[in-house]
Asker: 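So that we are looking at the same thing, I have put the structure below in structure tokens.
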Amino acid sequence: MGNNSKRGMLFGFIGVVCFSLTLPATSIAVPYFGETIVGLGRTVVAAIIVSIIFIIKKESLPNKKQLKSLSIVAAGAVLAFPLLSTFAMKSLPVSHGAIETALLPLATAGFAMWRGGERPSKRYWIASIIGAVTVLLYAVYLGLGQLQKGDMALIVAVLLLGLSYAEGGKLSKELGSWQVIAWAILIGAPFFIIPVGLSISVNMLQAPIEAWISLFYLAVVSQFLAYIAWYGGMSLGGIAKVGQIQYLQPFLMIGFSVLFLGESITWLTIVLAIVVVICVIIGKNAPVIKKESKGTVLIGDNRKFCVEKGTTSSNC
């Protein structure tokens, strides 16, 4: 594995750890601040930080093509997932939401093929399917098979976030990882100012310190810093490969829910976590085919080959 791939996997892992705290933080904050403040207010706060950074760095405006891609990122990462996951966390335990977000790697890989030009190999898909089936069986064991409104909201959120991940990973190669989420935040924030302003209440000042810390975490880390690591990782290591790390996310979420919310954990959770980690190891080493203008590039197994007109060469 090359240095870029290793760095991509490391940044991707950091992003996943940060994202794993999102649902627990949402679960803590939403009873005190409500859906709108937690779901959309985090973007308004993040937009203030981004604006200051852009003024200092004097960032240039993205072009029309980039703005189109940024709108897709904003729709999934800035609007849909924060709002729909906040709605879901009103009625679902974190462990429930964690299981459903485990489907995110499959959604990301599917959209990566469509938007990013990547074509995962059969080995990758087998590892992905085994990982997905594992977490779904875990959901059935916990009695989570019956879909509620919160379930439907979270599933839609996962699909839209998968598209956002794939688009953001592709765009970060030309725009920069932190610039992608930063511009997406600035695109979405103006539409959120009015509903957020109308939802502010004096009673929120009575919220406990852990609720304020959770809201601050969602605004600064979940909505901004985590995406810098995540999109940076995907641009270096490949959308589909780095996306495989997301299979760790549901179990990290469950672990954080035990630590911060007092939810229980069983030996079955630990065993299935080991199974999922094995799937991650197999999947991240599987070759991923990417179409490029000069031919087809095969990335994986510590090699990089160009396939053009029926010939194979290591000179890419």
Side-chain angles (χ1 to χ4, degrees), residues 7-8 11-12 14-16 18-19 22 36-86 104 107-108 111-112 114-118 157-197 215-239 242-243 246:
R7 288 172 58 201
F11 287 144
I14 292 172
V16 165
C18 293
F19 288 138
T22 298
T36 303
I37 296 296
V38 176
L40 302 180
R42 67 176 82 171
T43 300
V44 175
V45 175
I48 296 173
I49 299 173
V50 168
S51 298
I52 295 172
I53 294 174
F54 273 6
I55 291 173
I56 295 174
K57 293 182 67 66
K58 298 180 180 179
E59 284 290 319
S60 58
L61 294 172
N63 58 43
K64 290 183 179 180
K65 182 180 179 181
Q66 291 170 340
L67 282 173
K68 181 179 178 181
S69 293
L70 286 169
S71 297
I72 295 174
V73 176
V78 177
L79 174 61
F81 188 81
L83 192 60
L84 292 175
S85 63
T86 299
L104 188 54
T108 303
F111 285 119
W114 177 43
R115 301 294 297 178
E118 293 190 357
V158 165
L159 290 174
L160 293 175
L161 188 60
L163 173 59
S164 175
Y165 277 178
E167 193 69 22
K170 175 186 174 184
L171 184 59
S172 63
K173 294 180 180 180
E174 57 179 279
L175 195 59
S177 60
W178 75 268
Q179 287 92 335
V180 169
I181 188 60
W183 280 115
I185 288 170
L186 289 183
I187 289 173
F191 299 98
F192 306 158
I193 292 176
I194 293 178
V196 168
L215 185 61
F216 179 81
Y217 180 89
L218 292 170
V220 178
V221 180
S222 292
Q223 195 61 51
F224 184 45
L225 297 181
Y227 278 101
I228 294 177
W230 182 242
Y231 285 139
M234 288 194 293
S235 68
L236 290 171
I239 298 171
V242 176
Q246 290 169 310

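Sequential numbering from 1 along the given sequence is applied to the chain's residues. These numbers were taken from a predicted model, which means no experiment stands behind them.
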Asker: Please report the closest heavy-atom contact between P62 and L70, naming both atoms and the distance.
Answerer: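 Heavy-atom minimum between the residues: CG-CD1, 3.8 Å.
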Asker: When rounded to the nearest 0.5 angstrom, what distance separates OG1 in T43 from CG in L186?
Answerer: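 Spacing of OG1 (T43) from CG (L186) equals 10.5 Å.
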Asker: side-chain contact (heavy atoms from CB on, under 4.5 Å) for I181 and F224? Distances and angles first, verdict last.
Answerer: CA-CA 7 Å; I181 188 60; F224 184 45; 3.8 Å; yes
Asker: Which label fits F19 and W230: parallel for a plane angle under 30°, tilted from 30 to 60°, or perpendicular past 60°?
Answerer: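 Aromatic pair F19/W230 classed perpendicular.
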Asker: Give a yes or no answer on whether the side chain of S172 reaches the backbone of Y231 with a donor-acceptor pair at less than 3.5 Å.
Answerer: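 Flag set: sc S172 to bb Y231 pair under 3.5 Å.
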Asker: Search all heavy atoms of P195 against all heavy atoms of L40 and return the closest pair with its distance.
Answerer: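 Scanning both residues, the minimum pair turns out to be CG-CD1, 4.4 Å.
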Asker: If you apply the rule side-chain contact (heavy atoms from CB on, under 4.5 Å), what do you find for Q223 with V78, and how did you get there?
Answerer: CA-CA 7 Å; Q223 195 61 51; V78 177; 3.8 Å; yes
Asker: Yes or no on ring-ring contact (aromatic ring centres under 6.0 Å, His included) for W183 and Y227, after CA distance, side-chain angles and deciding distance?
Answerer: CA-CA 12 Å; W183 280 115; Y227 278 101; over 10 Å; no
Asker: Restricting to non-hydrogen atoms, name the atom on A189 and the atom on V44 that form the minimum distance, rounded to 0.1 Å.
Answerer: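 It is O-CG2, 4.4 Å.
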Asker: With a 3.5 Å distance limit and no angle check, can you tell me whether Q66 reaches the backbone of N63 through a side-chain donor-acceptor pair?
Answerer: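 Flag set: sc Q66 to bb N63 pair under 3.5 Å.
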Asker: Is S51 reaching over with its side chain to a backbone N or O of A47, donor-acceptor style, under 3.5 angstrom?
Answerer: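 Present.
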Asker: Using side-chain heavy atoms (C-beta onward) and a distance below 4.5 Å, is V196 in contact with I193?
Answerer: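 No - every pair of side-chain heavy atoms lies 4.5 Å or more apart.
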Asker: Passes side-chain contact (heavy atoms from CB on, under 4.5 Å), F111 versus S164? Steps please.
Answerer: CA-CA 9 Å; F111 285 119; S164 175; over 6 Å; no
Asker: Using the rule given for side-chain contact (heavy atoms from CB on, under 4.5 Å), can you reason through T86 versus R42, listing the C-alpha separation, both sets of side-chain angles and the distance that settles it, and then say yes or no?
Answerer: CA-CA 11 Å; T86 299; R42 67 176 82 171; 3.4 Å; yes
